[in-house]
Visitor: 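The structure follows.
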Amino acid sequence: MTHVYNFNAGPAVLPPPALAQAQAELLDYHGRGMSILEMSHRSADFETINTEAEARVKRLLGLDDEYRVLFLQGGASLQFAMVPMNFLPPDRVADYILTDGSWSERAYEEARLIGEARIAGSTREENYRRVPEQHQLDLSPDPAYVHITSNNTIYGTQWHSWPDVGERMLVADMSSDILSRPLDARRFGLIYAGAQKNMGPSGVTVVILRTSLLSQGAKTVPTILRYATHAKNNSLYNTPPTFGVYLLNLVLEWIEASGGLAELGQRNQAKAQVVYDAIDRSGDFYRGHAEPTSRSLMNVTFRLPEEALEKQFVKEATAAGMVGLGGHRSVGGIRASLYNAMSLEGCQALASFMDEFLRQNG
Ligand SMILES: *Cc1c(COP(=O)(O)O)cnc(C)c1O
């Protein structure tokens with residue numbers, strides 16, 4: 001079997017033990033004579049998986065019944081619409097803090113289709129090299145919620161301390177850094193994340209929301225787009241992505257067995273440091289996009305002096321067994337995604353490659 005270090009931004013690397021268990025159980029799930037793929041979502045086996053996955057997310061985040069965890073479809077992109085559809089009434093405004101030219105802007109644009117959304121902070125003028133500082137925020141006195149993007153997958157920046165929004169409700173798109181570090185989830189009314197970056201395969205979206213919000217959502221929203229519908233039905237309102245939830249549950253099990261979020265947070269810090277060090281010791285050869293205070297531990301983005309060198313970098317890295325390093329089409333350059341399942345060895349291999357590439361081409 002050939003092995004590569006997979007630096008793709010999403011879908012992305014998954015923990016080998018979770019994949020191995022899925023493979024071992026694929027044809028005959030727990031002696032049932034059939035695959036989990038073939039089972040009813042109403043079966044006791046699937047309900048156990050579903051319940052276990054919700055309990056695991058809550059346990060990892062230290063949450064009790066004050067919160068619900070839902071497994072939905074439609075990706076984080078559907079959440080851009082569902083959040084305002086449910087929680088932005090006609091007489092209120094929602095605040096959006098823009099920290100990247102794709103996801104946070106899309107979330108804002110989607111909210112504008114539904115109600116009154118305003119920009120309460122943005123680093124667009126600086127090409128999103130950092131997240132705003134507290135004094136640069138201009139929050140509404142009483143918004144329905146304040147929306148942030150915790151980690152900016154494309155630009156490679158991340159919030160390292162949360163904005164102080166007072167009593168206002170904080171909503172976060174955590175698609176690319178959920179469960180990558182300790183999190184005080186109680187600061188948030190609602191958190192959503194596509195699973196395909198840090199938690200599992202594509203096709204499942206995890207939503208964590210305050211139970212008290214369920215009775216407050218708009219009542220005229222189509223049934224399938226109401227959080228209350230999915231909460232009432234334990235994410236089984238319609239046929240869920242059963243295999244995705246199953247694999248998500250295996251990844252959650254791996255996170256718990258690895259020591260939980262405190263341990264993963266330390267590992268992720270150490271991993272990112274290895275790659276940022278290679279940037280910093282390169283002189284001006286590798287130029288990080290993010291300002292040091294906003295550097296993402298999940299997505300390391302940088303440019304080389306010329307585009308031709310970037311192409312060569314990606315090509316030679318691929319030949320050396322490091323794949324998925326091309327930057328997003330909107331910003332170019334190089335992006336190394338270092339999600340939970342990326343090993344320290346993978347980061348060290350990349351850093352060595354960067355040193356050698358600089359020696360030959362610098
Ligand atoms: C990938 C990503 C999305 C889009 O997720 P989909 O599941 O493809 O809809 C949204 N927000 C962030 C921060 C992302 O990284």
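Numbering of ligands and ligand atoms starts at 1, following listing order. Computed from a predicted structure; not experimentally measured.
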Visitor: So does E126 pair up with R129, basic N to acidic O under 4.0 Å?
Guide: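 Here E126 does not pair with R129 in a salt bridge, since their nearest N and O are not under 4.0 Å apart.
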
Visitor: Between the protein and ligand 1, are there any N or O atom pairs that come within less than 3.5 Å of each other, and if so, what are their names and distances?
Guide:
unit_1, atom_1, unit_2, atom_2, d
ligand 1, 7 (O), A76, N, 3.1
ligand 1, 7 (O), Q196, NE2, 2.9
ligand 1, 9 (O), A76, N, 3.2
ligand 1, 9 (O), S77, N, 2.8
ligand 1, 9 (O), S77, OG, 2.6
ligand 1, 11 (N), D173, OD2, 2.6
ligand 1, 15 (O), T153, OG1, 2.4
ligand 1, 15 (O), K197, NZ, 2.7

Visitor: With a 3.5 Å cut-off and no angle check, do the side chains of N234 and N50 form a donor-acceptor pair?
Guide: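 N234 vs N50: no donor-acceptor pair found between side chains.
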
Visitor: What class does the angle between the rings of Y5 and F7 fall in, given that below 30° is parallel, 30 to 60° is tilted and above 60° is perpendicular?
Guide: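 Tilted.
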
Visitor: One thing to verify: whether E310 and R303 come together as a salt bridge, which I'm taking to mean a side-chain N less than 4.0 angstrom from a carboxylate O.
Guide: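 Yes, this pair counts.
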
Visitor: Would you call R295-D280 a salt bridge at under 4.0 Å N-O?
Guide: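 The answer is yes: the pair qualifies as a salt bridge.
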
Visitor: Do S176 and T153 have side-chain atoms, one donor and one acceptor, less than 3.5 Å apart?
Guide: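 Looking only at side-chain atoms, T153 and S176 do form a donor-acceptor pair, the distance falling under 3.5 Å.
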
